[in-house]
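Reading through the structure tokens given below for one structure.
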Amino acid sequence: MKDFDQFDYNKKASSRGRKQKNIIKRRILIGCIAVGILFLTLGTIFIVKKVSGGKEESVEVAEELEPEDDVKIEVVVDEPEEETPEETEDDKDAKDPQVDVKVESGEAVDVGTLVSASTVGENSNITYGIDVSKFQGTIDWAKVASSGINFAMIRVGYRDSSTGEIKADTNAKYNMQEAEKNGIKIGAYFFSTAINSTEANEEATWVANYIAQYPITYPVGYNCEGFENSSSRQYNLTKDERSAVADAFLDAIYKAGYTPIFYASKNELTNDAKWNASSLEKKWKIWMAWYNQDTSAIATGPAYSGKCAMWQYTNQGTIPGISKKVDVDVAYFGYNGTETAKDTSERAVASADVEALMKFDAVEETVTAKSKTNLRDKPSQGADSTVKVTLLNGQTATRTGVSKSGWSRVVYEGGTYYAVSSYLTTDLSAAAQTAPSPTPAPAAETTPAEQATANSGFKTKFTDCNELITAKEIVNLRSKPSVTDADSQVVVTLYNGMTATRTGINNEYGWSRIDYNGQTLYCVSSYIKVVE
């Protein structure tokens, strides 16, 4: 029993000795590590001091390399006030979207991030908008506002593709005025055909002056399309040259105090196909057009590898207050308030361009009504137009324009109005057509359709044609080409998508002859379109 106890004691003593030795070894190891860290720290401080002590000193860092890998890593440190630290992807993701960059005269503009000239605070809210021009006609902005639209990108002008002249969009000021009145925040864009940076700066200066009296909160865009058409002023420009022109415009817009944005289609942007997109997106917001995509996850943005601040996801939008199809946009940013106009002086009240969707050829002639006709405030017989005057036979007006769509612009007692051309005549001695004319004997060469017209008792002459048509929206097909004669009856109402054959057209009076299910009928030409 004692021998066992002695063995156990010796075993424990030996164990304690080993433990003490291990403790000593660990302490020595920890001490060595501490000394190593101390020397490393001192060496680092020395190197940093050496580097920062001079303006352009370089430090060579040698590594243990294979003999053939004789490489030196050189770090050059510039003046502190000129230093631009490299931005990592993590830094980009962590940046606050509320960027407020101010332009100071005479100093370089920092464009290391997407620039913004907002003074009301840009945020990361998702906002919804539309972009419009005169091609949407006269817009009822109160109805647009009721639809929930947050902003509108309004075309303010363009450079003529042939003459190079800068022209205003004829509905731009009206659209900006009415959008503001109805609480819709405004952005703008310009359709450019500039061929160099000088012209780009000219365009940007024109835009800045044109919009100065309006509260432009959303960006001001550079839009350039059709440059691959041989008729384009920009046809011979290279991708680098076009991109430089766009960059010059956007830079000038920013210096004028507005947030720039660059517009192009996804196909043009991807892999720098038509623009130096990878360069432009480092400085400016990108407004990308990409249609027919899945919009169920619109809040997360399009499936696009580049940067996209605003997505124009359709050009076939239907919005209350706009009779035409419209482009619809989603912006992955918003604003905390509404900007104040840069020019707060009193501005003139803008009126809508009622001729925006209709071209009138200039004439100067005196006309009267064949019997009587309504003079309207716009060339439309829809609910959006108002009859202002009824012109009777014998009362004269001055016709100043004629449209192929069948409308005349007339000036009567100092006011400008619109009338259906077929109800007017330049023959001031003509008696009122109160009764159908006698049926003329058809000539031998008269076609069945022409004979049907002749037999109707109406003298309107039609030029033969043969084309499939449908209504732009809705149109009445009548028994004779008149909407005032008592014996002109609506036989069929044609809706968009329903088709008929146009067999004749009269451009002077604006009527079409229609074959519908074997019947010869008539309608106002401006309400139909050819099916392509």
Side-chain angles (χ1 to χ4, degrees), residues 87 89 91-101 109-131 149-155 184-190 192 204 207 216-225 243 246-247 249-251 253-254 257-291 293 295 297-315 327-339:
E87 182 183 64
E89 286 301 318
D91 290 333
K92 291 177 184 175
D93 292 340
K95 283 187 174 171
D96 191 320
Q98 292 185 338
V99 182
D100 186 9
V101 183
V109 177
D110 179 8
V111 291
T113 58
L114 299 182
V115 298
S116 170
S118 172
T119 63
V120 295
E122 184 179 317
N123 57 52
S124 57
N125 294 341
I126 295 175
T127 52
Y128 296 90
I130 55 176
D131 54 278
I149 289 297
N150 305 121
F151 69 90
M153 299 292 290
I154 295 169
R155 188 180 81 153
I184 296 173
K185 292 180 181 179
I186 308 168
Y189 74 94
F190 182 85
S192 171
V207 170
I216 308 298
T217 303
Y218 271 72
V220 175
Y222 177 85
N223 178 204
C224 173
E225 301 174 65
S243 299
D247 191 65
F249 177 96
L250 296 166
D251 187 59
I253 284 295
Y254 176 65
Y258 300 99
T259 298
I261 194 166
F262 175 74
Y263 174 90
S265 71
K266 189 235 183 195
N267 291 337
E268 293 176 356
L269 294 170
T270 302
N271 297 324
D272 291 353
K274 302 297 180 182
W275 299 93
N276 293 333
S278 57
S279 174
L280 292 169
E281 71 179 14
K282 291 178 181 177
K283 298 166 62 176
W284 318 113
K285 282 180 168 62
I286 300 297
W287 177 12
M288 184 181 73
W290 191 21
Y291 307 148
Q293 303 305 308
T295 57
I298 196 169
T300 61
Y304 167 61
S305 58
K307 293 182 179 178
C308 174
M310 187 185 294
W311 178 17
Q312 184 188 87
Y313 60 88
T314 182
N315 62 351
D327 300 337
V328 186
D329 308 277
V330 56
Y332 300 100
F333 59 91
Y335 296 94
N336 298 329
T338 301
E339 294 282 358

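Heavy-atom basis, side chains included; hydrogens, waters and symmetry copies ignored.
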* To do: May I have the step-by-step check of side chain to side chain contact (heavy atoms under 4.5 Å, CB included) for Ile130 and Asp327, ending in yes or no?
  => CA-CA 6 Å; Ile130 55 176; Asp327 300 337; over 6 Å; no
* Full working for side chain to side chain contact (heavy atoms under 4.5 Å, CB included) between Tyr222 and Ser192 -> CA-CA 7 Å; Tyr222 177 85; Ser192 171; 3.3 Å; yes
* To do: Go through the steps to decide whether Tyr218 and Tyr335 satisfy the test side chain to side chain contact (heavy atoms under 4.5 Å, CB included), and finish with yes or no.
  => CA-CA 8 Å; Tyr218 271 72; Tyr335 296 94; 3.6 Å; yes
* To do: Determine, stepwise, if the pair Phe151 / Thr217 fulfils side chain to side chain contact (heavy atoms under 4.5 Å, CB included).
  => CA-CA 9 Å; Phe151 69 90; Thr217 303; over 6 Å; no
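When every heavy atom of Trp284 is checked against every heavy atom of Asp251, the shortest pair comes out as CH2-CA, 3.6 Å. Residues Met153 and Pro219 approach most closely at CE-O, 3.3 Å, considering heavy atoms. The shortest heavy-atom contact between Glu339 and Ile216 is CG-O, 3.4 Å. When every heavy atom of Tyr332 is checked against every heavy atom of Cys308, the shortest pair comes out as CD1-O, 3.8 Å. Between Ala152 and Ile184 the shortest heavy-atom distance is N-CG2, 3.8 Å.
A heavy-atom distance below 4.5 Å is not found between the side chains of Tyr304 and Trp311. For the pair Cys224 and Tyr263, the minimum side-chain heavy-atom distance is 4.5 Å or more. With a 4.5 Å cut-off on side-chain heavy atoms, Asn267 and Lys274 do not count as touching.
Within the 3.5 Å criterion, the main-chain N or O of Lys307 finds no donor-acceptor partner in the side chain of Lys285. Side-chain N or O atoms of Asn123 include one that pairs as donor or acceptor with a backbone N or O of Asn125 at under 3.5 Å. The closest donor-acceptor contact from the side chain of Gln293 to the backbone of Tyr291 lies under 3.5 Å. At least one donor-acceptor pair closer than 3.5 Å links the side chain of Thr259 to the backbone N or O of Ala117.
Applying side-chain contact (heavy atoms from CB on, under 4.5 Å) to Lys283 and the options Leu250, Asp247, Val115 leaves one that passes, Asp247.
In this structure, Phe190 and Phe249 have parallel ring planes: the angle between them is below the 30° cut-off, well short of the 60° mark.
The line from OH of Tyr128 to OH of Tyr313 is 7.0 Å long, rounded to the nearest 0.5 Å.
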